2 protein chains.
Amino acid sequence: MGLTKTEIFTAQQNRIADLAKAFAHPARVAILQLLIARKACVCGDLVDELELAQATVSQHLKELKRIGIIHGEINPPRVCYCINPPVWEEARQAFGAILGSFDGVSCCN
Amino acid sequence: MGLTKTEIFTAQQNRIADLAKAFAHPARVAILQLLIARKACVCGDLVDELELAQATVSQHLKELKRIGIIHGEINPPRVCYCINPPVWEEARQAFGAILGSFDGVSCCN
DNA sequence: TTTTCATATCGTAATATTGCGATTATATTT
DNA sequence: AAATATAATCGCAATATTACGATATGAAAA
């Protein structure tokens, strides 16, 4: 169906899945890394750095904005993007919690 | 196109994206949480716990196996699934590194 | 050997994602 | 006002994902 049955999962599980989507495509990983590396906010420089069309980069930025992990400040004719600290922290906590909840002991070797 | 241009990204970026996919669907988050919660490996109990058809659960397990974060031990007529410690640790490191690489300072307010 | 059980795989349908060219929107510059 | 520059959106095509019923598989139990 291609349609996730979100209603049968907890809000936490759905949120983790959404946060994970921010990192679930190499282009978005690259964008996030670039936004962090250049302390200053990067804008359409992303299009130059990535070998992707402007429309494609814009679409990935839109998805990252939807998740909330970045936000853009319009500064015509440019838009300055940057990491959204509270949501980044939310992701840090969420992944830290779930990844830290496994004690390393696996039964079927 | 629906076809990711993996060749224009680094191996590290592609791997992070793949590891993130393990958590990018609530059903897979739920499966991983169940595998951790019950120290003993869960098998088709997953089908009972999740409100998803057996074929659907099996497909998610296949994806998690492809990523390498779980592995199954055939114990006819059941299959015992569990977290694969080295890959789980790889994910912990990878997400810890990227999520820890942002110092909290965001330029646009 | 036939049944039975648990799981994997197949086939199919519906929706989502990825990517890009073309166009639109918005505000500055000339 | 017209031209320019940047980024968002539209429309489209191709592939991927999600989900499930039905069937196949493989080994134990009857």
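Worth knowing before you read on, the calculation uses all heavy atoms, side chains too, and leaves out hydrogens, waters and symmetry mates. Each chain gets a letter, A, B and so on, in the order the sequences are listed, and its residues count up from 1. Remember, it's a predicted structure, so these values are computed and weren't measured experimentally.
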Can you check the B:His71 NE2 to C:dT7 C1' distance for me, whole Å?
17 Å

For the pair A:His25 and A:His60, name the ring-plane relationship: parallel under 30°, tilted 30 to 60°, perpendicular over 60°.
tilted

Phosphate-side-chain proximity, A:Lys5 and D:dC20, N/O vs OP1/OP2 below 4.0 Å:
yes

Please report the distance, rounded to the nearest Å, between CD in A:Glu51 and C1' in C:dG19.
14 Å

Quick one: the side chain of B:Gln54 and the base of C:dA8, do they pair up donor-acceptor inside 3.5 Å?
yes

With heavy atoms under 4.0 Å as the rule, sort B:Thr4 into base, sugar-phosphate or nothing.
sugar-phosphate

What closest approach, in Å, do A:Ile98 and B:Trp88 show between heavy atoms, and which atom pair accounts for it?
O-CZ2, 3.3 Å

DNA chain C nearest-nucleotide lookup for A:Leu52 and B:Leu61: closer to the 5′ end is B:Leu61

Determine yes or no for a side-chain-to-main-chain donor-acceptor pair under 3.5 angstrom, with A:Asn84 supplying the side chain and A:Gly68 the backbone.
yes

Within residues 7-17 of chain B, the residues having a heavy atom closer than 4.0 Å to DNA chain C are none

Return the minimal non-hydrogen interatomic distance between A:His71 and A:Lys65, and the atom names on each side.
CA-CG, 4.4 Å

For the side chain of A:Ser106 and the backbone of B:Ile83, is there at least one donor-acceptor N/O pair under 3.5 Å apart?
yes

Consider only side-chain N and O atoms of A:Glu63 and A:Gln59, and report whether a donor and an acceptor are under 3.5 Å apart.
no

Nearest-angstrom distance from the residue atom CZ of A:Arg78 to C1' of D:dT4:
12 Å

Distances under 3.5 Å between nitrogen or oxygen atoms of protein and nucleotides 10-15 of chain C:
{"residue": "C:dA13", "atom": "N1", "partner": "A:Met1", "partner atom": "N", "Å": "3.3"}
{"residue": "C:dA14", "atom": "N3", "partner": "A:Met1", "partner atom": "O", "Å": "2.5"}
{"residue": "C:dA14", "atom": "N3", "partner": "A:Gly2", "partner atom": "N", "Å": "3.4"}
{"residue": "C:dT15", "atom": "O4'", "partner": "A:Met1", "partner atom": "O", "Å": "2.5"}

Between the main-chain N or O of A:Thr6 and the side-chain N or O of A:Asn14, is there a donor-acceptor pair closer than 3.5 Å?
yes

Pull out every protein N or O sitting under 3.5 Å from an N or O of nucleotides 24-30 of chain C, one pair per line with the distance.
none

Atom CD of B:Glu63 to atom C1' of C:dA8: distance rounded to whole Å?
16 Å

Please check this pair: side chain of A:Arg92 against backbone of B:Gly100, looking for a donor-acceptor N/O pair closer than 3.5 Å.
no

A:Asp45 CG to D:dA5 C1', in whole Å, measures 14 Å

Taking every heavy atom of A:Ile69 against every heavy atom of A:Ala91, the minimum-distance pair comes out as CD1-CB, 4.4 Å

Whole angstroms only, please: what is the CG-C1' distance between A:Asp18 and C:dA16?
13 Å

Between C:dT7 atom P and B:Lys65 atom NZ, what is the distance in whole Å?
11 Å

Distance check: side-chain N/O of B:Ser58 vs OP1/OP2 of C:dA8, anything under 4.0 Å?
yes

Please check if the number of heavy atoms outside B:Ile74 that lie under 6.0 Å from its CD1 is greater than 12.
no

Is there a donor-acceptor pair under 3.5 Å between the side chain of B:Gln13 and the backbone N or O of B:Thr10?
yes

Can you tell me if B:His60 touches the phosphate of D:dA19, counting only side-chain N or O atoms and a distance under 4.0 Å to OP1 or OP2?
yes

Nearest non-hydrogen partners of B:Ala27 and B:Leu52, listed with the distance:
CB-CD1, 3.8 Å

What is the distance, rounded to the nearest whole Å, between atom CZ of B:Arg66 and atom P of C:dT9?
14 Å

Testing D:dA19, C:dA8, C:dG19 for proximity to the side chain of B:Tyr81, the answer is C:dA8

